[in-house]
Amino acid sequence: MGSDGVTWKGINIQENPLKAFLGISISTLYNLDLTSGSYYAEGYVWLKYKEVPEWMREWDLEIYECPLKTVGFINVVEAQDFETQLEPSKPTLDDDGHYIQWLEYSGKFIASSLDLSLFPFETIVLPLCIELDDLYAGESDVKYLAAGQVITAPLSINGYSLNHCQVIPYINTYQTNWGYQYANNYFNKHNFSAYQAFRIETTLTRDPWNSFVNIFLSLIIVMVIVITAPLVAIQDYQTKLAIPASALLVLVFLQDGYKKILPPGLNYPTLADLIYTFNMFITIMVFLWSLIQTKLYFASQLNGGQLKQAQLAGLMDNQFFLITLFFSLLAPYLFYTSCKRKKLW
């Protein structure tokens with residue numbers, strides 16, 4: 001190829017890169033799936049430039065005639081179903097003297113690093129990453145050009161509302177040269193390549209009221225019954241024991257309900273996990289407390305102290321009720337601040 005890594009047939013590429021402006025819009029966001037960490041998006045990418053360097057004609061005539069074809073999407077999944085279409089088929093001259101062309105896209109994208117530690121009150125970031133995958137860093141000088149709002153899609157999706165959207169330019173690096181010896185010479189580094197890229201981050205926040213109603217309201221109703229179970233008179237010991245035992249089964253089913261919308265095998269507990277686990281612990285403690293109180297009540301029948309034991313049990317039950325109520329109210333706040341602190345780290 002006659003290249004020493006920075007020249008192409010005697011032309012210094014890094015002194016004559018492709019200079020252009022890139023814009024992007026997201027017109028539709030839908031089918032957000034937390035279990036797979038994926039979502040669907042549709043929109044446009046456009047490229048504006050005055051001229052294309054002459055060295056690109058000999059290097060790749062197709063890219064020279066249509067530079068927008070060098071734009072690729074990094075985090076696409078199910079590539080066989082991903083659709084793109086150039087509009088128009090060839091770049092057109094705009095009123096400002098720049099050539100412009102649009103690329104319509106539609107497909108499924110992966111968001112592999114969703115932070116769900118505050119679920120169901122989490123804020124998530126959906127990335128859409130594009131790359132100039134035919135031009136090494138230095139061969140292109142493409143800048144992001146804002147043209148109004150990036151997000152033109154509806155401001156809510158699957159219970160989330162739009163917080164903000166930003167475009168972050170960066171250099172995407174790979175620890176491989178893709179078998180291209182020219183890359184080793186160009187970067188003066190073995191098995192390495194780098195490209196200009198842009199990361200569009202759409203930040204969404206889950207609606208707190210919907211989260212409370214759908215995930216925690218049933219839990220609160222169950223726990224009100226559980227926490228007040230010690231106030232049931234010891235003489236009605238069957239009810240006293242049945243309440244926490246039945247409630248524990250209900251809590252298991254409630255937890256299984258929200259677990260179905262989370263990715264399997266998370267390596268950290270969510271806020272909902274901590275709250276549900278704590279309330280299961282409280283329920284077990286209430287059951288054990290009721291069991292001990294019942295045993296002491298029947299043991300008192302042997303020495304005729306049944307009435308005295310009933311009065312003592314009532315006093316102790318009141319104290320146990322206040323203790324469990326205090327920790328049940330305090331624990332969610334402590335768990336929330338703990339999860340939020342870990343998120344900031």
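Note that the coordinates shown come from a computational prediction; the quantities given were computed from them, not determined experimentally.
Closest non-hydrogen pair, Q101 versus C66, comes out as OE1-SG, 3.0 Å. Minimum heavy-atom separation, S36 to I110: O-CD1, 3.4 Å. Between V142 and F198, the shortest heavy-atom contact is O-CZ, 3.5 Å. Residues K260 and T35 come closest through the heavy atom pair O-CG2, 3.3 Å. Across all their heavy atoms, S25 and W46 have their closest contact at N-CZ3, 3.9 Å. P120 and R206 get closest at one heavy-atom pair: O-CD, 2.8 Å.
By the 4.5 Å heavy-atom criterion applied to side chains, L22 and I130 are counted as neighbours. With a 4.5 Å cut-off on side-chain heavy atoms, H98 and D96 count as touching. Between V71 and L132, the closest side-chain pair of non-hydrogen atoms falls below 4.5 Å. I275 places a side-chain heavy atom less than 4.5 Å from the side chain of F216. Between P263 and L116 there is a side-chain heavy-atom pair separated by less than 4.5 Å.
Considering only residues two or more places apart in sequence or on other chains, K108 meets the salt bridge (Lys or Arg N to Asp or Glu O under 4.0 Å) condition with E78. For L61, the side-chain contact (heavy atoms from CB on, under 4.5 Å) test picks out R57, Y64, E65, with sequence neighbours left out. Residues passing the ring-ring contact (aromatic ring centres under 6.0 Å, His included) test with F287, sequence neighbours excluded: none.
Aromatic ring pairs are classed by plane angle as parallel below 30°, tilted from 30° to 60° and perpendicular above 60°; the pair W178 and Y174 is perpendicular.
In this structure, L145 is not a member of the same hydrophobic cluster as L47, with clusters built from ILVMFWY side-chain heavy atoms closer than 4.5 Å. Placement of Y30 and F73 in two distinct hydrophobic clusters is found when ILVMFWY residues are connected by side-chain heavy-atom separations under 4.5 Å, directly or transitively. Neither I225 nor F320 shares a network with the other; the hydrophobic side chains, linked directly or stepwise wherever heavy atoms of I, L, V, M, F, W or Y lie under 4.5 Å apart, form separate groups for each. Neither I284 nor V232 shares a network with the other; the hydrophobic side chains, linked directly or stepwise wherever heavy atoms of I, L, V, M, F, W or Y lie under 4.5 Å apart, form separate groups for each.
Judged by distance alone, the side chains of Q293 and D317 do bring a donor and an acceptor atom under 3.5 Å apart. A donor-acceptor pair shorter than 3.5 Å cannot be found between the side chains of S27 and E42. Y195 and E139 are not linked by any side-chain donor-acceptor pair at a separation below 3.5 angstrom, with hydrogens and angles left out of the test. For D33 and Y40, the side-chain atoms include no donor-acceptor pair closer than 3.5 Å. Between the side chains of T270 and S117, no donor-acceptor pair of N or O atoms lies under 3.5 Å.
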TODO: Check the pair E83 / S106 against side chain to side chain donor-acceptor pair (under 3.5 Å), numbers first and verdict last.
DONE: CA-CA 5 Å; E83 298 180 358; S106 175; 5.1 Å; no

Open item on the list: If you apply the rule ring pair (Phe, Tyr, Trp, His ring centres under 6.0 Å), what do you find for Y136 with F187, and how did you get there?
Closed with: CA-CA 9 Å; Y136 289 139; F187 293 105; 5.0 Å; yes

Task: Pair Y258-D273, side chain to side chain donor-acceptor pair (under 3.5 Å): steps then yes or no - done: CA-CA 10 Å; Y258 78 77; D273 291 334; 2.5 Å; yes

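For Y44 and Y105, the distance between ring centers is not under 6.0 angstrom. Aromatic rings from F82 and F109 are positioned such that their centres are separated by under 6.0 Å.
Taking a cutoff of 4.0 Å between a charged side-chain nitrogen and a carboxylate oxygen, D134 and K69 do not qualify as a salt bridge.
A 6.0 Å sphere centred on CG of N188 holds no more than 12 heavy atoms belonging to other residues, nucleotides or ligands.
For the pair K189 and F192, the distance from NZ or CZ to the six-membered ring centre is under 6.0 Å and the angle to the ring normal is within 45 degrees.
Between the side chain of T70 and the backbone N or O of P67 there is no donor-acceptor pair closer than 3.5 Å. The backbone N or O of V252 lies less than 3.5 Å from no partner atom in the side chain of D256, so there is not a single donor-acceptor pair. A donor-acceptor pair under 3.5 Å is formed between the side chain of T152 and the backbone N or O of I26.
A distance of 10.0 Å separates CG of D236 from CG of L241, quoted to the nearest 0.5 Å.
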